[in-house]
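Atoms within a ligand are numbered from 1 in the order they appear, just like the ligands themselves.
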Amino acid sequence: MDLYEYQGKELFRRFGIPVSDGRLATTPAEARVAAEELGGQVVVKAQVLVGGRGKAGGIKLAENAADAEQKAKAILGMDIRGHVVRKVWIEKASEIAKEYYLSVTFDRGEKEPLFMLTTEGGVDIEEVAATKPDALARLHVNPLEGYQPYQGRRLIYQAGIEDPSEQKQMLAIVGKLYECFVSSDAMLCEINPLIVTPAGEVRALDSKFTVDDNALYKHADIAQMRDVAAADPLEAFAREKGVTYVKLDGNVGILGNGAGLSMSTVDVVAHVGGRPANFCDLGGGGDAQGVVDALEVITRDGDVRSIFFNIFGGITRCDEVARGILQALEQMTIEHPIVVRLDGTNSEEGRRILQEAAPPNLHAEATMLEGARKAVELASSVGSTEPPKSGGAGFAGAGAER
Ligand code: GDP
Ligand code: MN
């Protein structure tokens with residue numbers, strides 16, 4: 001789960017990492033009041049779950065409360081790479097002498113948390129890593145031994161921070177950030193920029209904070225930070241139904257039981273020249289209600305032209321799935337053709353059930369490849385004007401948007 005800047009900063013503040021005083025506002029009038037309370041110059045910052053807000057015009061300096069109201073008016077409602085701004089964070093403006101970068105994340109290769117620190121902050125860290133790799137100090141922390149201050153000192157020296165007062169403040173921030181990262185079950189805590197003011201004070205000016213979804217049950221306070229309104233409505237609906245659903249950009253709806261089979265199905269559809277509209281995993285159960293829920297999710301996606309239902313019966317029995325499909329068809333009208341491939345436990349029984357009921361628009365195929373071909377063919381014949389991309393992106397091209 002990704003946190004907004006203001007939420008990440010709230011966690012930073014709780015762990016003693018210095019941040020500026022600020023207020024949240026959802027209207028220009030609220031922004032004005034917030035700026036009045038803070039006094040003097042403020043920064044009006046778009047709260048969206050995407051980086052590079054500054055470049056996109058989502059961060060503006062305001063001279064006074066009236067100006068803050070105007071700046072908030074300009075920023076609220078703005079679309080920053082597909083994210084509409086619904087909230088602004090009004091923060092006491094900082095004077096900046098230097099911009100550093102500090103983060104802690106997981107290095108999956110080393111299976112250890114990794115700190116990164118550079119004095120070349122404020123800009124894209126990927127650019128620093130690519131053009132000036134030596135400027136980026138890196139430090140792994142053994143999670144069992146925990147963080148030790150000597151490691152923080154090493155990181156700070158390696159980054160070339162020489163001012164003794166800065167070193168002292170940085171050391172405290174690095175230690176607190178590690179504590180914050182571990183105690184919050186975070187996957188990423190990033191501060192860019194971590195500024196030094198002309199008076200020599202070090203402070204976090206931005207926050208990018210990702211918490212492990214699987215640990216949210218331990219953090220009721222963080223879990224309730226989730227912004228239900230900002231979430232993709234379909235993904236939110238899927239979560240509510242307990243269906244794993246990822247939106248992709250094609251037109252063949254994919255439904256499988258188990259993540260592995262669903263991913264293979266996505267790949268096979270791409271392999272035969274089709275474009276998956278989504279990745280949908282029914283989970284291991286696949287009882288009738290589960291099928292109904294998943295079909296309900298998939299059919300809400302306006303891009304779907306055909307549905308490929310790929311079931312391998314293991315613990316899931318194919319006859320149960322077949323009944324689920326029929327039940328779903330009774331409960332709801334599905335306009336799209338459905339291709340079903342049933343294999344594994346009770347597959348013959350399952351296919352027999354489908355054949356006997358013979359619902360219109362339902363095609364049973366014996367193999368995954370045949371099923372994929374059929375679904376792709378049906379998707380392109382049902383009112384899709386775009387020809388399928390050859391090759392296909394497969395599943396790998398789908399994730400990692402942020
Ligand atoms: P991002 O563009 O989404 O990463 O948003 P940031 O919060 O990092 O802000 C972008 C840039 O705006 C920063 O790198 C700063 O240069 C500038 N900025 C943000 N807050 C302040 C502030 O309080 N004072 C000044 N002078 N500049 C700020
Ligand atoms: Mn930033």
- Item | Between Lys87 and Tyr6: side-chain donor-acceptor atoms closer than 3.5 Å |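 There is such a pair (donor and acceptor under 3.5 Å, judged by atom type) between the side chains of Lys87 and Tyr6.
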
- No-hydrogen, no-angle side-chain donor-acceptor test under 3.5 Å, Glu30 and Thr26: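 Yes, Thr26 and Glu30 have a side-chain donor paired with an acceptor closer than 3.5 Å.
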
- Task: Decide, yes or no, whether a salt bridge links Asp249 with Arg275 under the criterion of side-chain N to carboxylate O below 4.0 Å.
- Result: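 So Asp249 does not pair with Arg275 through a salt bridge.
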
- Salt bridge Arg373-Glu377, side-chain N to carboxylate O under 4.0 Å: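 No salt bridge links Arg373 with Glu377.
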
Acceptor/donor pairs from residues 128-135 side chains to any protein atom, 3.5 angstrom cut, sequence neighbours excluded:
residue: Thr131; atom: OG1; partner: Glu127; partner atom: O; Å: 2.7
residue: Lys132; atom: NZ; partner: Glu120; partner atom: OE1; Å: 3.0
residue: Lys132; atom: NZ; partner: Glu120; partner atom: OE2; Å: 3.4

- Message: Of all the N, O or S atoms in Asp206, which has the shortest distance to the Mn ion (ligand 2)?
- Response: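 Closest N, O or S atom of Asp206 to the Mn ion (ligand 2): OD2.
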
- Query: Centre of Phe237's six-membered ring, under 6.0 Å away, within 45 degrees of the axis: is that where NZ or CZ of Arg300 sits?
  - Reply: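 Positive - Arg300 is close enough to the ring of Phe237 and near enough to its axis.
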
- Message: Can you work out which protein residues put a heavy atom within less than 4.0 Å of ligand 1?
- Response: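 Lining ligand 1: Val43, Lys45, Gly52, Arg53, Gly54, Ile59, Ala93, Ser94, Ile96, Glu99, Asn192, Pro193, Leu205, Asp206.
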
